[in-house]
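Just so it is clear: chains get the letters A, B, ... in the order the sequence lines come, proteins before strands, and each one is counted from 1.
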Amino acid sequence: MPEPILQATGITRTFGHVQALRGVDFKVMPGEIVALIGDNGAGKSTLVKILSGADRADGGEIRIDGTPARFGSPAEAQAAGIATVYQDLALAPDLPPAENLFLGRERLKPGLLGRLGMLDRQAMRAESAKVFETLGVNLKSHRVPVDTLSGGQRQSVAIARAAMWAEKIVFLDEPTAALGVVQTARVLELAKRVRDSGTSVVLISHNMPQVLEVADRIHVLRLGESVANLRPAETTVDGLVREMTSGTREGFTP
Amino acid sequence: MTQTDAFRETGEDRLLRLLASGWIFLLLVGLIAIFSLLRPAQFGSGYNIQQLAINAAIILVLAVGQTYVIISNGIDLSIGSVLVFCSVVSAEIMLALSGAAGTTFGTTSAGWGVILLGSLAAVATGIAWGLLNGFLVAVAKIPALIVTLGTLGMALGGAQILSGGTDVRAMPELLVTHVGSGRIFGIPALVMIAVLVVLVAGLVLHFTRFGLHTYAVGSNMEGARRSGIDVTRQTMAVYALSGGMAGIAAVMSNARFATTTINGHAMDNLTTISAVVLGGTSLFGGVGSVFGTVVGVFIPIILLNGFVILGIPPFWQTVAMGAVLILAVWIDQLKRRLRKRG
Ligand SMILES: Nc1ncnc2c1ncn2[C@@H]1O[C@H](COP(=O)(O)OP(=O)(O)OP(=O)(O)O)[C@@H](O)[C@H]1O
Ligand SMILES: [Mg+2]
């Protein structure tokens with residue numbers, strides 16, 4: 001069996017009196033889509049924030065490719081190949097898609113002009129066209145601000161951006177929550193393509209049929225504990241709901 | 001359609017873009033056309049055009065700094081006062097260096113070395129004020145409106161303390177004759193300086209990483225931070241740039257009027273803000289251009305000049321400007337609403 005790219009053990013996190021995470025064991029294998037599910041307040045977002053450097057655990061250990069890691073900031077996690085698409089997209093609405101894809105990592109012109117900070121817009125546009133093409137993201141125009149795109153297209157740009165810079169793992173926190181049927185299908189297709197390109201995907205979702213359809217593995221959280229680790233083929237929507245509402249730690253096999 | 005094709009702007013896109021940002025430019029062209037038709041001899045004369053450009057030069061330099069600040073979703077009310085402070089510092093340093101400290105009138109025989117030092121001091125002082133603004137906004141997280149309102153008072157009061165409340169009226173002769181009323185290749189030196197500033201600032205804003213980060217910070221500060229942009233540093237740099245521009249404008253003002261002008265810049269902040277907004281830069285940040293600001297600076301100047309030449313009481317210019325400004329902001333909001341629908 002291959003090594004997990006990411007292995008978190010015994011993660012705890014307390015906010016005042018709320019024990020958001022009480023010792024979660026979570027792993028991500030190479031080239032898979034893991035769905036992370038659980039009722040509202042189960043601790044999904046908190047776990048993702050910790051794993052992507054946006055928050056810090058009170059206890060537990062995170063290993064990346066077998067070596068212990070500690071992320072002080074999202075930038076450090078990104079440097080380790082882990083990126084997150086947040087529920088509130090972190091795009092700059094007034095800038096076009098290509099500029100958004102490269103934000104913070106702009107391509108500069110070669111030579112002296114580059115050292116003066118001159119952008120190589122052509123290179124960035126060409127490269128982002130390629131990224132959008134391989135990921136199957138169709139945009140009518142690449143010059144207009146991201147703001148003018150539809151919700152699904154914006155989500156696609158955000159995911160493409162994450163996939164472009166994370167060789168290892170992309171976290172998607174409810175990427176389809178605000179989308180219609182067609183756009184949801186597109187975003188899920190995009191998640192599969194990201195996986196097929198070699199980057200693992202962690203998908204948070206409340207949509208059980210969707211989870212059964214796209215995930216390779218499903219990790220269930222309940223009240224801050226890991227309660228189940230299932231293959232979609234082994235379970236049903238009812239089975240997932242049962243785990244989410246009454247699963248116990250004893251039922252968890254890492 | 002393949003992806004690569006999609007990167008070419010369609011004709012429709014371009015038309016929309018031009019209409020959205022171009023109407024104010026058309027307004028300027030229209031005004032110039034009307035005034036030149038009605039009074040070709042006066043309005044269109046070389047002398048008049050030069051006077052217009054000289055009148056615009058100082059405010060243009062200030063407005064360029066304001067453009068950066070507003071695109072980054074900030075505001076700088078302090079620029080006029082910072083200009084005054086810088087001009088007093090610069091003038092007094094030049095007086096002291098030419099051994100004429102205390103002179104209160106006329107011109108000094110200071111050489112170019114002294115003038116250079118005085119000018120550098122003006123720009124450095126402006127940058128220092130800008131860094132203070134930026135620090136208070138980005139690090140102390142005080143709203144820009146309050147911070148720059150505060151430094152507006154501090155810089156003006158500071159200038160009055162330094163100068164004892166009266167203008168420093170002794171300037172180097174060389175500065176006044178060669179920069180203030182001199183020419184380079186037949187073009188007034190003040191205009192030349194403004195053109196250079198506009199070109200460099202426009203290039204930096206539209207073609208460099210610094211410029212792109214200015215837009216990104218104004219468009220979505222949290223998003224920019226998560227993208228790894230140092231938002232604090234960028235914000236401080238933008239305010240420092242605005243302060244530096246006030247420093248350059250201070251030198252230009254000293255050169256042009258051969259005196260500091262402590263009471264002459266109270267309206268500079270509103271003049272530049274309205275020019276920037278007229279030029280299509282959004283008060284909500286993330287959108288704007290230096291070219292738009294140039295247009296926005298010239299509209300009130302042309303309007304006033306035209307009214308004077310036509311014999312319309314100049315008070316109407318103030319009324320017309322107010323209306324145009326409201327129209328500009330209304331159009332900006334319409335654009336945003338239209339965009340959101342997409
Ligand atoms: N910053 C915070 N301060 C205080 N409590 C918090 C904070 N973040 C999360 N919590 C609490 O931790 C618990 C887990 O929250 P979390 O957002 O991780 O849940 P979730 O599984 O993502 O839920 P949802 O499905 O609603 O998004 C909740 O009880 C929440 O109120
Ligand atoms: Mg959540």
- Note on the structure: Checked A:Thr84, A:Asn100, A:Leu95 vs chain B; the most non-hydrogen pairs under 4.5 Å come from A:Leu95
- Message: Counting C-beta onward and ignoring hydrogens, is there a side-chain heavy-atom pair between B:Ile229 and A:Leu103 closer than 4.5 Å?
- Response: yes
- Contact part of A:Leu113 toward chain B, heavy-atom cut-off under 4.5 Å: side chain, backbone, both or neither? neither
- Does B:Arg233 CZ have over 12 foreign heavy atoms under 6.0 Å away? no
- Query: Under 6.0 Å from the CD atom of A:Glu76, do we count more than 12 heavy atoms belonging to anything else shown?
  - Reply: yes
- Query: If only atom types and distance count, is the side chain of B:Ser219 paired as donor or acceptor with the main-chain N or O of A:Asp94 below 3.5 Å?
  - Reply: yes
- May I ask you to check whether over 12 heavy atoms, not counting those of B:Phe210, lie within 6.0 Å of atom CZ? yes
- Check whether B:His213 gets within reach of chain A through its side chain, its backbone, both or neither, counting any heavy atom under 4.5 Å. side chain
- Message: Tell me if the CZ atom of A:Arg13 is crowded by more than 12 foreign heavy atoms within 6.0 Å.
- Response: yes
- About how many Å separate CD of A:Gln78 and CZ of B:Arg226, when rounded to the nearest 0.5 Å? 10.5 Å
- Among B:Gly223, B:Gly211, B:Ser227, residue most engaged with chain A (heavy-atom pairs, under 4.5 Å): B:Ser227
- Item | Note, A:Pro74 side chain near B:Arg225 side chain (heavy atom, < 4.5 Å) | no
- Student check: side-chain heavy atoms of A:Arg121 and B:Leu212 closer than 4.5 Å: yes
